[in-house]
Asker: 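To start, I am sharing the structure in question, which I have written as structure tokens.
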Amino acid sequence: MQELINRAKELLADGTVARVLGWKAGDLPYNPEPAYFEKEEDFADFVYNGFCGANLSKYMIEASKLEGKTLVCLKPCDTYSFQELMKEHRVDRDKAYIIGVGCKGKLDIEKIRAMGIKGIKSISGAEIEDEAETLTIDTIYGEKSCAYKDAMLERCHVCKGKDHMIFDEIIGESKDTKDADRFAEVEKIEAMSPEDKFAFFQKELSKCIRCNACRNVCPACSCRKCVFDSNKFDSSQKANVDSFEEKMFHIIRAFHVAGRCTDCGECSRVCPQGIRLHLFNRKFIKDINELYGEYQAGADLEPRTPLTNYDVEDAEPGIVAERG
Amino acid sequence: MKTEHSRAEMIKEISGVNPLKCMKCGKCSASCPSYNEMDIKPHQFVSYVINEDIESLVKSKSLWKCLSCFACVERCPRDVKPGKLIDAARQIVVRERGKNYLLADDIPELIDPDTPQQLLVSALRRYRR
Amino acid sequence: MSIEKNEEFRPKIVAFCCNWCSYAGADLAGSSRMSYSADVKIIRVPCSCRVNPMFILRAFERGADGVIMCGCHPGDCHYTSGNYYARRRMTLLFSMLDYIGVENGRTRVEWVSAAEGAKFSQTMHEFVDKITSLGKNVRLEDLRCRN
Amino acid sequence: MQRIGVFVCHCGTNIAATVDVKKVVEMALHEPGVVHAEDYAYMCSEAGQELIHKAIKEKHLTGLVVCSCSPRMHETTFRNAAEKAGLNPYMVEIANIREHCSWIHKDIEEATEKAVILMRAAVAKVNLDAPLKPGESRVTKRALVIGGGIAGIQTALDIAEAGYPVDIVEKTPSIGGRMSQLDKTFPTLDCSSCILTPKMGEVNAHPLINIYTYSEVESVSGFVGDFTVEIRKKARSVDMNKCTGCGVCQEKCPSKKTPSEFNRGLNTRSAIYTPFAQAVPNVPVIDRDACIKFKTGKCGICSKVCQAGAIDYDQIDEIVTEKYGAIVVATGFDMIKLDKYDEYAYSQSKDVITSLELERIMNAAGPTGGHLERLSDGKAPKEMVFIQCVGSRCADNRGKSYCSKICCMYTAKHAMLIRDKYPDTNVTVFYIDVRTPGKNFDEFYRRAVEDYGVNYIKGQVGKVIPQPNGKLLVQGADLLDNKQILKEADMVVLAAAIEPNPDVRKIATMLTASIDTNNFLTEAHAKLRPVESPTAGIFLSGVCQGPKDIPETVSQAGAAAVKAIGLLAKDKLLTNPCTAHSDELLCNGCSQCANVCPYGAITYEDKEVNDHGVRETRRIAVVNDALCQGCGACTVTCPSGAMDLQGFSNRQILAEVDAICR
């Protein structure tokens, strides 16, 4: 972390960048938040640790409008989002100085809590320099510990790899933390009966409070104004009183990002209700991979995505029924 | 006794044939190896079903002269398949004798000594279960 | 929960037809007097690629029991490639609907050319039968939209 | 709020017999925005349009719903009527209560209920309609004719005679098409080439006609009035400008084993060849697959004997790009393959031939010098059998469902000619029906029977069995005598079905012209617009649209020419105003819409926008109205809903959905 801070300060000082986009410590040990650092003294708050899950690429949309370059810290998986945004002309590469920061998997406080660890005062082992296998958690009930791996975000178990897709320089080492099948959950749902599927999603989605956190954090959901906020489809935001509302919202949201979603997992990370929203996006990713060939959004800068492309030999929609 | 209409419908159902598709080209009659022994010719079979004169059909000699070689079925340009109609008419006769399926013991007395061998084979294929 | 059996069930079916092929195919079915159920109501769109998934979800929200989209045969699109895009979009959307437990028979895509009046009528027959057998759409209807 | 008038047409009894039109009128008055509703016997008539005019004026209507036949039928009529009364023509919506309702439903209650719903959907749409103004586009005053048979020749001549330049693209080395292969023509028995070659000469000499033979259409882009076409001129290996057409090269060419396409493979041709003596242009091509020089590098005899020095082995395919205002398709037909008809022994016996092969045999320039003889042993046949409807009118998957139309007449012609020239030869025709509608057609057929003694037997042939003695045993049935017939014939002629040229599928795809299940091009209206494709600017000439004989082909070719001339005579065309538009406050500038636009109509501009007081420069999608054809692909790609289609807007379609599901 210190190397990163030093380099950032250096670039600020020599005028290469006008500001640094990173994370600053939050009010709790596990909730650092994205922040700009413009002066040397701002860096007192700068953190980069296992809880810095936030994908900063979306912030670059606004940062691209600011005067001068912005230094942005991107983890390997964030760079996919950044490239996808570049493709869509939403971020300006020339306005960004990308430091690819090392990542060995990010942590999910909910997973720690789910282990029954409450009243957390501090957590050690989450610092990025450590090769810690174990987190040591100091709580008001005493010291607890858990394996780092067990506290990782869902998305880190299906890690896309340790390589940064785009960067100006790299600081820190990364590790591929993939240890699970990305589509296992989707497949499990696919195998259910229609009744069970419906019940599953009914239960999952009825938790939705339409807070729009998923939408606001999603780097692909970067519309100036969402269709659900405009009158273009008579679909303006409504209170959730019927189960169809959130289904429509989440289906359309997933559809709008289909082929552009890099599977960064931010939607699931930020959902205050713990809805596994990535299940929607991954279903589309799985279908796209199966029907139109393996595709990873953001892995390149090809302008056409699976949904703005076609092949004359594509499967017919009837395949959905045939697959059963 | 069933009405002629219902018998005609049954023939259509058993054979899966729509006789109205026939354009009276006669290719069935032209192809038929038993043509000369038949009183009602294969192409006329179709008209009998359309006109619902099933009684004449089941009483005809032709019914038992058809070899079920299915040359007419194979060559019919309209997918009318007179051979299947004849087959269905035979089945009507069998069913109207009170049973849908033949028992093995019944066969000898039903066999007309003139019945061609090929028909027997065809019948066995059909009824063996 | 059991679905109330209603002998009088008359499905609401929305058919999106592209102007150049399928709408003309429906016209041909009409001029050839090839009947199909009155439960099918056609909405004319310039091309199948004009059909937004939002339209389909909206139809279900408003109580449609089935939605069918018809377009030119692949390769015959009046706009060259519209139906190819539509094909991908609908495949993914239908797959998603299936995934969340909506019976996949409620949605269908059929390519009907201007010369295929008989196919149009036949397709609608089949679709209406299918929807009738599935019964009322209860999984997607927004009850507030009922009047 | 709109002031909408609803006009319900009875269409005589076409609508009124099944739909309670009064009820539709009554229900219309309850719809939001509707201030006027009435019904009338024929809305499209002068009197009906007058009613509309009056209502617009008196009730100050801002929008119309006409409940009538398909909009594909009379939308333009009613739009014009609205315009005459001072209303924007795009404020008119049609509820199709004829084709989509009264004609397909029998129950009055059911049909009326549906008609009301369709009316509601149309009213809902009009409520959100906005006046639209069409743009203009230029017309390139040049026509392209694809196919150089009699249809293409006639169309090209007629267009050129009206003063517009025409290009003909012909795939084979010469124009002339199927007609050049025919011997005589029914019902007058003129010699086919005697009437065709002068036309070929005329086309060749016409200053406004340019012929690309041995060429194919490579790609088509653009739209009515402004098509851009790439034509591939295949390497002929002979310099068109130098060749004098002396023919020495063909004589001297040592490779003479290639089956002649022109003679249907009945004899062979040289590797450097013109398909037939009267070929236009009279310039040979080198068939590179057959040429020894191209295969082995040795030979080069043609080059040595050519006095004009026209042989050019290094020629390569050339792509010509040209702009056209109108395109006429005249791709013609071929005979179907008979490999699925084993019972007629076509592939087993050389003496079972198709009618087109018989044409070549009968032709003085053909493989037998015009002598009717068996191809197996060269003997003159004494018994000829003709079989009609081979592959036509078939409901199975072996043949074609349609009647090929020309076979009855050409068979009568063949039978008559044979009986005339070889009175000792017996001719038997097995027929299913003899179809002779046409001027002097039935008389012609009767002459074959009455004056020439051709034996017509009603009944399709079941099987043709080649005999060890070289004869052909024909097994048929005479349905009128109720007799089965076994006939020994020397030659059997099959009237094989005709089918559209297989290339037409590729061409139709390039033109985005629709095609039916039999690969015939679809006309815009079966009765009223038979020579136009539904795709604007594409016209149909000859058999590519459906089976036709020569006079019909020529008249349709002329009709297609007139339609093309009508288009070329215009300086400007009004463009469809139903184009896409991007809302600059919502546009993300993400470029996804441009990816799916088939016309390249979307570009991006950096534009200063004022978003509720915030001024900033944004990348915004801009649609070029002249290029946009209004498909709507972009609208669905746009996640923010910034891109919308005028005339079919998101809210309009949703309003229709809501009205239907209400």
Side-chain angles (χ1 to χ4, degrees), chain A residues 58 61-62 64-67 81 83-92 95 215 218-237 244 248-249 251-261 281 284 297-298 301-312, chain D residues 124 127-128 505-506 509-510 580-598 602-612 614-621 633-645 649-659 661:
Chain A
K58 190 176 182 182
I61 296 176
E62 288 307 315
S64 294
K65 296 176 190 166
L66 301 174
E67 206 57 46
S81 306
Q83 287 219 99
E84 194 60 31
L85 285 164
M86 265 176 74
K87 218 193 263 194
E88 294 169 12
H89 306 271
R90 303 305 312 277
V91 295
D92 188 346
K95 288 283 194 70
R215 180 179 96 184
C218 174
C221 254
S222 61
C223 288
R224 292 183 209 284
K225 193 171 194 181
C226 175
V227 278
F228 286 95
D229 288 347
S230 80
N231 61 355
K232 285 280 163 181
F233 284 84
D234 288 344
S235 53
S236 308
Q237 187 80 257
F244 184 74
M248 175 135 163
F249 173 77
I251 293 172
I252 292 293
R253 204 187 82 77
F255 189 84
H256 279 175
V257 301
R260 302 160 57 225
C261 166
N281 301 321
F284 278 140
L301 288 168
E302 275 298 307
R304 284 189 170 224
T305 66
L307 274 173
T308 57
N309 210 344
Y310 65 86
D311 188 290
V312 293
Chain D
N127 262 312
L128 297 166
R505 192 150 257 290
K506 205 173 78 201
T509 302
M510 282 193 261
H581 270 264
S582 153
D583 182 332
E584 56 183 33
L585 291 184
L586 293 178
C587 179
N588 297 324
C590 70
S591 291
Q592 294 205 78
C593 48
N595 283 336
V596 298
C597 179
I602 304 172
T603 50
Y604 295 85
E605 279 175 12
D606 283 328
K607 222 171 157 184
E608 183 165 312
V609 297
N610 182 348
D611 190 352
H612 301 90
V614 181
R615 281 186 183 277
E616 58 181 0
T617 305
R618 288 181 184 174
R619 183 184 147 89
I620 303 287
C634 53
T635 61
V636 183
T637 302
C638 182
S640 68
M643 198 56 96
D644 209 346
L645 188 64
S649 70
N650 290 324
R651 293 187 60 209
Q652 283 183 310
I653 296 173
L654 289 173
E656 287 180 86
V657 169
D658 292 356
C661 297

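What you see below is based on every heavy atom in this structure, not just the backbone, and it leaves out hydrogens, waters and symmetry mates. Note that the coordinates shown come from a computational prediction; the quantities given were computed from them, not determined experimentally.
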Asker: Given that the side chain runs from C-beta out, which part of D:C593 has a heavy atom under 4.5 Å from chain A: side chain, backbone, both or neither?
Answerer: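 Contact with chain A: none, neither part.
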Asker: Give me the atom names and distance for the closest heavy-atom approach of D:S640 to A:S230.
Answerer: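 Looking at all heavy atoms of both residues, the shortest contact is O-OG, 4.5 Å.
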Asker: Is it the side chain or the backbone of D:D611 that comes within 4.5 Å of chain A heavy atoms, both, or neither?
Answerer: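 No part of D:D611 comes within 4.5 Å of chain A.
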Asker: Answer whether the closest heavy-atom distance between the side chains of D:P639 and A:R260 falls below 4.5 Å.
Answerer: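 Counting from C-beta outward, D:P639 and A:R260 do come under 4.5 Å.
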Asker: Give, as side chain, backbone, both or neither, the part of D:L585 having an atom under 4.5 angstrom from any heavy atom of chain A.
Answerer: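 For D:L585, the backbone is the part near chain A, not the side chain.
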Asker: Looking only at non-hydrogen atoms, find the nearest pair between A:T308 and D:T637 and report the distance.
Answerer: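 What the structure gives for the nearest pair is CG2-CG2, 3.6 Å.
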Asker: Is the backbone of D:N595 close enough, under 3.5 Å, to the side chain of A:R304 for a donor and an acceptor to pair up by distance?
Answerer: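 Checked: pair present.
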Asker: Considering only heavy atoms, which portion of A:R253 lies under 4.5 Å from any heavy atom of chain D: side chain, backbone, both, or neither?
Answerer: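 Neither; nothing under 4.5 Å.
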Asker: Kindly check if the number of other-residue, nucleotide or ligand heavy atoms within 6.0 Å of CD (A:E67) is above 12?
Answerer: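 No, not enclosed.
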Asker: Nearest heavy-atom pair of A:R224 and D:R619: which atoms, and what distance?
Answerer: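 Here A:R224 and D:R619 meet closest at NH2-O, 4.1 Å.
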Asker: Please state whether the side chain, the backbone, both or neither of A:K65 comes within less than 4.5 Å of a heavy atom of chain D.
Answerer: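 Contact with chain D: side chain only.
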Asker: Under 4.5 Å, counting heavy-atom pairs only, tell me which of A:K225, A:E88, A:H89 racks up the most with chain D.
Answerer: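 With the most close heavy-atom pairs to chain D, the winner is A:H89.
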Asker: Evaluate the side-chain proximity of A:R90 to D:N588: yes if any heavy-atom separation is below 4.5 Å, no if none is.
Answerer: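 In short, these two side chains touch, coming nearer than 4.5 Å.
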